[in-house]
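Reminder, nothing fancy here: chain letters follow the sequence lines and each chain counts from 1. Keep in mind that this is a model prediction, so the values were computed, not measured.
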Amino acid sequence: MPELPEVEVTRQSFAQRIRGARVTGVRLGKPLRWPLGCEAQHIVGQPVGEVVRRGKYLWVALGNGGLLMHLGMSGSLAFSETPPPPGAHDHFDLVTTLGTLRLTDPRRFGAVVWSEALDRPPAATLLAALGLEPFDERFDGAWLHRQLRGRRVSIKQALLSGRIVVGAGNIYACEALFEAGIHPARAAGRISLPRCVRLADAVRGTLARALQLGGSTLRDFRDAHGMEGRFQQHAQVYGREGQPCLRCGAAVRRSVQGQRATYYCAHCQT
DNA sequence: AAGTGGACCTGCTAGC
DNA sequence: TGCTAGCAGGTCCACT
């Protein structure tokens, strides 16, 4: 589910409210992707510091380390002073003096992992291969062009890998490629510098727009206040198979790349 | 080394 | 109505 905009919207919706709290308890539900990696005792009593995002991960700083969280495909976080009793899909509660941060994740591809620091394992290991943040000033067309040189994978898969630039998942990769007029199956290493410039702009622009709109809610995404996103109403190609391209009127096509659906306009994207 | 395909897990929907 | 196949916003890992 959550790509960079959804994760960032989630972060913004609870970071200030939980800051300065003290952890009073931890509740675990069914196993997530990886074990927490420490005893609850290790966390209880710790002060909560800032919440930062790296790619699609969130880092909740605690006095003696922190929690690296990922929402997987179906995860969401809610922060509430008086949370309802945990449901079948509520697999992690961080109970604090200011409220409870709860991870709800039906598919359990999400994760909460304790680490002594962001730049120490296991957190550092999980983040090691991540590419640049899209809003990093170093991320531009020239840099993108250099990174893609010689790569034979499709540009869609190169974006999705997160090893060049983080944050664009399946929805926003499709949207950014449409915006840039680049065919998703084009070999990454065969995109000219001018088109890389357009693509870098499109990736940043698409993610920024989604952020402004509160992310995308296709089925179940909510921020930590329970608010839905509105980007999906503005999607140009994602989920629009067979409908007219908003630019040229040709039918939007759907294909499969790396076992993921890709939506594009074969006329506008070359 | 880069690229590919499978795996993880559950819920929902379309189609028979 | 009920079953089944197919699909879903992510990413790690083993294999070629």
Side-chain angles (χ1 to χ4, degrees), chain A residues 1-10 29-35 53-58 68-77 87-92 103-113 121-131 147-177 184-190 203 206-207 209-211 213-223 228-235 237-242 254-263:
Chain A
M1 152 185 104
E3 306 182 36
L4 182 148
E6 292 75 30
V7 175
E8 178 60 19
V9 163
T10 297
K30 287 191 192 174
L32 292 163
R33 178 159 194 166
W34 297 294
R53 181 189 56 73
R54 174 73 177 104
K56 298 169 191 168
Y57 287 89
L58 290 179
L68 191 69
M69 312 183 84
H70 197 287
L71 302 180
M73 288 278 268
S74 58
S76 60
L77 286 169
H89 302 312
D90 298 331
H91 303 303
F92 179 83
L103 175 66
T104 303
D105 185 4
R107 291 176 73 181
R108 293 192 281 127
F109 289 169
V112 182
V113 176
T125 311
L126 292 168
L127 304 180
L130 295 187
Q147 296 299 311
L148 296 179
R149 191 181 316 163
R151 301 288 309 269
R152 297 195 206 185
V153 272
S154 69
I155 183 58
K156 164 92 183 302
Q157 296 202 258
L159 290 177
L160 276 188
S161 77
R163 283 158 186 264
I164 296 167
V165 59
V166 295
N170 209 29
I171 298 178
Y172 302 120
C174 289
E175 294 298 312
L177 286 167
R186 172 172 287 273
R190 296 197 47 226
V203 167
T206 300
L207 293 174
R209 179 120 194 277
L211 208 43
L213 291 168
S216 298
T217 300
L218 293 191
R219 31 187 31 176
D220 48 17
F221 171 72
R222 300 292 148 88
D223 70 16
E228 296 190 4
R230 287 162 287 131
F231 180 90
Q232 67 281 0
Q233 297 154 22
H234 300 258
V237 284
Y238 189 86
R240 297 192 62 246
E241 181 184 15
R254 178 186 188 277
S255 68
V256 175
Q257 292 179 279
Q259 304 159 168
R260 314 293 303 278
T262 295
Y263 298 88

**Fill in**
Here the helical stems involving DNA chain B, each at least 3 consecutive Watson-Crick or G-U pairs closer than 3.5 Å, sorted by first residue number, are B:2-8 with C:10-16, B:10-16 with C:2-8
**Request:** Fit a plane to each ring of A/H91 and A/H89, take the angle between them on a 0 to 90° scale, and name the class: parallel (under 30°), tilted (30 to 60°) or perpendicular (over 60°).
**Result:** perpendicular
**Request:** Select base, sugar-phosphate, or nothing to describe what A/Y172 touches, counting heavy atoms under 4.0 Å on all strands.
**Result:** nothing
Who passes side-chain hydrogen bond (donor to acceptor under 3.5 Å, both in side chains) against [X], sequence neighbours left out?
X      : value
A/D105 : A/S74
A/R53  : A/E8, A/E133
A/K156 : A/N170, A/T262
A/E228 : A/R222

Taking [atom1] from [X] and [atom2] from [N], how many angstroms apart are they, rounded to a whole number?
X      : N      : atom1 : atom2 : value
A/L71  : B/dC9  : CG    : P     : 19 Å
A/L159 : C/dG10 : CG    : P     : 12 Å
A/E3   : C/dA8  : CD    : P     : 13 Å
A/I171 : C/dG10 : CD1   : C1'   : 12 Å
A/L218 : C/dC7  : CG    : P     : 16 Å

**Asked** How does protein reach along nucleotides 11-16 of chain C, written 5' to 3' as B (base within reach of a heavy atom under 4.0 Å), S (only sugar-phosphate), or - (no contact)?
**Response** BS----
**Message:** Walk along nucleotides 10-15 of chain B from 5' to 3' and tag each nucleotide B, S or - by protein heavy-atom contact under 4.0 Å, base first, then sugar-phosphate.
**Reply:** BS----
Would you please name every residue forming a side chain to side chain contact (heavy atoms under 4.5 Å, CB included) with [X], sequence neighbours left out?
X      : value
A/P122 : A/V113, A/S115
A/R33  : A/A111
A/A158 : A/L148, A/V153, A/I155, A/I164, A/A188
A/R190 : A/R186, A/A187

**Asked** Shortest non-hydrogen contact from A/E6 to A/Y172?
**Response** OE2-OH, 2.5 Å
**Message:** Are A/L71 and A/L58 packed together at the side-chain level, in the sense that at least one heavy-atom pair is separated by less than 4.5 angstrom?
**Reply:** no
Strictly under 3.5 Å: I want the nitrogen or oxygen pairs between protein and nucleotides 2-4 of chain B, one per line.
{"residue": "B/dG3", "atom": "OP1", "partner": "A/R152", "partner atom": "N", "Å": "2.5"}
{"residue": "B/dG3", "atom": "OP1", "partner": "A/V153", "partner atom": "N", "Å": "3.1"}
{"residue": "B/dG3", "atom": "OP2", "partner": "A/R151", "partner atom": "NE", "Å": "2.8"}
{"residue": "B/dG3", "atom": "OP2", "partner": "A/R151", "partner atom": "NH2", "Å": "2.9"}

**Message:** Roughly how many Å apart are C/dC3 and B/dC9, using the P atom of each and rounding to a whole number?
**Reply:** 24 Å
**Prompt:** Does A/R240 use its side chain to pair, donor to acceptor, with the backbone of A/Y263 at less than 3.5 Å?
**Reply:** no
